[in-house]
There are 2 protein chains.
Amino acid sequence: MASTLEEVARLAGVSRSTVSRVINNHPNVRPEVRKRVWEVIQRVGYQPHAAARSLVTNRTQVLGLVIPRGLVTLFSDPFFPILIRGVADVCTARRYHLMLSFFSDPLQQEELYRRALRSRLLDGVILSGAPLDDPLVPWLLQDNTPFVIAGRYPDERVTYVDVDNIGGARMAVEHLLRLGHRRIATITGPLTMMAGQDRLEGYRQALLSRGIPLNDALIVEGDFTEEGARVAMQRLLPQRPTAVFVASDTMAVGAMKAIREAGLHIPDDIAVVGFDDLPIASVVEPPLTTVRQPIERMGAMATEMLIGLVEGTITGPQHIILPTQLIVRASCGSL
Amino acid sequence: MASTLEEVARLAGVSRSTVSRVINNHPNVRPEVRKRVWEVIQRVGYQPHAAARSLVTNRTQVLGLVIPRGLVTLFSDPFFPILIRGVADVCTARRYHLMLSFFSDPLQQEELYRRALRSRLLDGVILSGAPLDDPLVPWLLQDNTPFVIAGRYPDERVTYVDVDNIGGARMAVEHLLRLGHRRIATITGPLTMMAGQDRLEGYRQALLSRGIPLNDALIVEGDFTEEGARVAMQRLLPQRPTAVFVASDTMAVGAMKAIREAGLHIPDDIAVVGFDDLPIASVVEPPLTTVRQPIERMGAMATEMLIGLVEGTITGPQHIILPTQLIVRASCGSL
DNA sequence: GAGCGGTTTGGGAGCGCTCCCAAATATTGT
DNA sequence: ACAATATTTGGGAGCGCTCCCAAACCGCTC
């Protein structure tokens with residue numbers, strides 16, 4: 001049967017305040033008293049009642065990770081498991097529980113918001129993968145709920161951690177330019193998302209810095225899925241690009257399929273560069289040149305920042321951009 | 001600013017008990033009072049404090065889904081997303097929050113157990129994918145924590161919902177027998193798991209019911225991964241089976257790879273039958289004959305049963321076995 | 001031994017809600 | 001109009017903990 005702090009106090013022959021001081025590592029308890037209390041705690045297997053603590057402290061030690069996607073999408077995009085691992089590891093290390101939420105239905109979203117956040121079930125929320133017009137951010141701002149976005153957000157009040165999408169995409173395209181390519185296409189991410197826009201911006205900057213004018217026929221929007229990119233690549237092939245920058249590895253795999261289905265060779269006929277450095281990048285044939293983004297570290301850092309906001313060690317909005325890195329493999333070819 | 005029940009009471013000109021009766025849909029409130037209270041609740045956006053309710057009711061409205069796997073395995077096996085969807089949908093419909101937990105490290109498991117369950121953070125737990133020697137079940141039994149296993153468990157005290165693995169496997173192998181096969185191999189699931197054992201038992205029953213003796217050289221244990229099954233199939237090929245029953249679709253994909261890599265044809269040289277009817281079954285070439293298990297429904301039913309235990313509408317252990325169904329596609333061939 | 005300062009300890013109060021039971025009010029029957 | 005019964009309402013108490021402040025204790029100095 002679950003025991004209470006009062007029972008531990010009785011068994012240890014001290015007051016409830018002393019037991020509370022012991023389990024919360026407060027000073028001002030004699031060592032032999034502290035030891036005696038711990039022994040009772042272990043003997044009866046006492047564990048503090050989460051709700052009772054939460055009622056007083058206004059903390060639950062539970063963080064939410066909200067990904068406004070349908071479940072199937074969540075599990076089929078390898079980006080999210082890696083992000084979630086970064087988040088989960090920090091939660092474990094910092095003794096927070098993680099509640100993972102996913103949905104694609106706006107009605108469901110409002111319901112979750114009201115119940116989970118307004119009932120003070122969560123100390124704070126990490127938001128990832130949301131389109132720019134998602135209503136959750138204005139709600140969170142209005143309610144003063146601690147939250148962090150894994151990804152950039154164009155509002156100074158928002159705390160976020162992102163990777164250098166613009167710089168990474170620029171690096172990738174500059175590499176293709178150094179290899180001599182001039183007719184470089186791109187399959188973008190969804191332009192409703194910051195990452196989609198940023199990676200397109202990097203592509204633009206690289207071309208314009210070499211005085212190469214943009215060609216709309218070489219730019220096709222993708223949806224971050226493999227199949228979507230296969231279709232997008234099919235639309236690019238008649239334009240005869242010699243290279244393509246694809247805004248995620250998952251989509252690059254789809255583009256590579258379309259290229260092969262057209263009887264063309266990678267990289268001899270079309271050089272391919274992706275973005276992410278997911279595990280699949282080194283498994284495909286030929287191995288994919290890509291921009292490495294530290295997904296797991298982004299998840300970990302978002303979590304640390306959120307805990308900082310929750311515990312008051314961080315005040316005011318923070319913006320962190322993590323560096324990206326070009327990983328050259330065989331898919332882009334060489335000089 | 002978050003409002004309290006007392007504030008709603010003051011604004012509505014009633015007592016706190018009346019407000020509590022209104023939000024909990026108790027009778028014995030005059031309709032015009034009930035209406036007035038609801039209007040105040042909406043105006044101030046009141047949401048009950050989860051911890052305060054929980055402290056009194058001993059309920060949190062939070063269920064745990066525990067899958068003792070590493071994160072990467074969890075996300076790469078298509079079984080779990082479908083199960084999770086079944087669980088999540090019922091949680092949403094029944095207004096429970098779902099906390100998803102995953103781990104592969106025993107130390108981490110004990111830590112989670114102690115903190116989440118013993119602190120009364122969760123109303124109950126659904127357990128899935130655990131090996132038979134996992135220590136979590138004895139802990140849960142000892143503590144009288146409500147829990148349900150998605151999968152069969154050999155202990156009468158345990159409430160579980162499973163699919164008819166024995167019957168399904170038997171169906172699959174009987175189908176191969178009807179097609180004239182006599183040299184039928186099998187790649188089992190892990191025999192540390194009930195599902196692994198049951199699907200092997202179904203294979204055995206089908207063969208023995210036709211007076212065909214078991215041949216150990218035609219039985220290889222797999223680990224429910226595609227790569228593991230590819231290696232297992234390589235070990236079976238020298239035995240020249242004319243057919244193979246593979247204990248999951250994911251493994252069947254691996255087996256098919258090994259068959260093709262050996263220059264053999266499916267189903268002409270070796271007929272293949274899987275188990276699951278995952279989405280991939282109808283996408284591979286040739287489309288996979290398989291046993292359909294209602295994964296999502298299993299998740300949904302496990303959740304309903306757990307809620308029944310939590311809310312007291314179910315007392316004592318329950319055991320439900322959901323029917324399986326043979327789905328004939330091209331991989332098994334025909335008469 | 002007395003006084004002072006620092007440390008340790010204990011018990012009341014309150015966090016926001018639900019439940020219980022007595023009081024107040026309304027309804028029905030004679 | 002009055003009595004009996006049913007319905008509605010309100011306020012105290014407690015769920016298990018943390019915090020606060022006063023009391024008790026200890027050690028040191030004169």
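Naming convention: chains lettered A, B, ... in sequence-line order (proteins, then strands); numbering from 1 in each chain.
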Please say whether more than 12 non-hydrogen atoms of neighbouring residues, nucleotides or ligands are located less than 6.0 Å from CD in Q42(A).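 No - once you tally the heavy atoms of other residues, nucleotides and ligands closer than 6.0 Å, there are 12 at most.
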Among [options], which is the nearest nucleotide to the side chain of [X]?
X      : options                   : value
S17(B) : dC17(D), dG12(D), dC19(D) : dG12(D)
R16(A) : dG12(C), dT9(D), dC17(C)  : dG12(C)
N28(B) : dG14(D), dT7(D), dT9(C)   : dT7(D)

Can a side chain N or O of [X] be found less than 4.0 Å away from OP1 or OP2 on [N]?
X      : N       : value
T18(A) : dG10(C) : yes
S15(A) : dT9(C)  : no
N24(A) : dT18(D) : yes
R30(B) : dT9(D)  : yes

Residue closer to the 5' end of DNA chain D, L55(B) versus V14(B) (nearest nucleotide):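 Taking each residue's closest nucleotide, the earlier one in sequence belongs to V14(B).
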What is the distance, rounded to the nearest whole Å, between atom [atom1] of [X] and atom [atom2] of [N]?
X       : N       : atom1 : atom2 : value
H49(B)  : dG16(C) : NE2   : C1'   : 7 Å
L5(B)   : dG14(D) : CG    : P     : 19 Å
R120(A) : dC17(D) : CZ    : C1'   : 17 Å
N25(A)  : dC19(D) : CG    : P     : 13 Å
E6(B)   : dG11(D) : CD    : P     : 10 Å
Y46(B)  : dG16(C) : OH    : C1'   : 7 Å
R34(A)  : dT9(C)  : CZ    : P     : 9 Å
H26(B)  : dC20(C) : NE2   : C1'   : 12 Å

Just checking P27(B): base, sugar-phosphate only, or nothing, at a heavy-atom cut-off of under 4.0 Å?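 If one applies the 4.0 Å heavy-atom cut-off, P27(B) turns out to touch nothing in the nucleic acid.
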Passing option when D123(B) is tested against T60(B), T145(B), N58(B) for side chain to side chain donor-acceptor pair (under 3.5 Å):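 When T60(B), T145(B), N58(B) are each tested with D123(B), the side chain to side chain donor-acceptor pair (under 3.5 Å) holds only for T60(B).
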R53(B) and N24(B): side chain donor to acceptor below 3.5 Å: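 Yes, N24(B) and R53(B) have a side-chain donor paired with an acceptor closer than 3.5 Å.
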By nearest heavy atom, map R21(B) and A52(A) onto DNA chain C; which one lands nearer the 5' end?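 The 5'-side residue here is A52(A).
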Run the numbers on R94(A) and E311(A) for salt bridge (Lys or Arg N to Asp or Glu O under 4.0 Å), then give the verdict. CA-CA 12 Å; R94(A) 301 292 299 272; E311(A) 296 182 356; 3.5 Å; yes
Indicate yes or no: does E39(A) engage R43(A) in a salt bridge with an N to O separation below 4.0 Å.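 Result for this pair is no, no salt bridge flagged.
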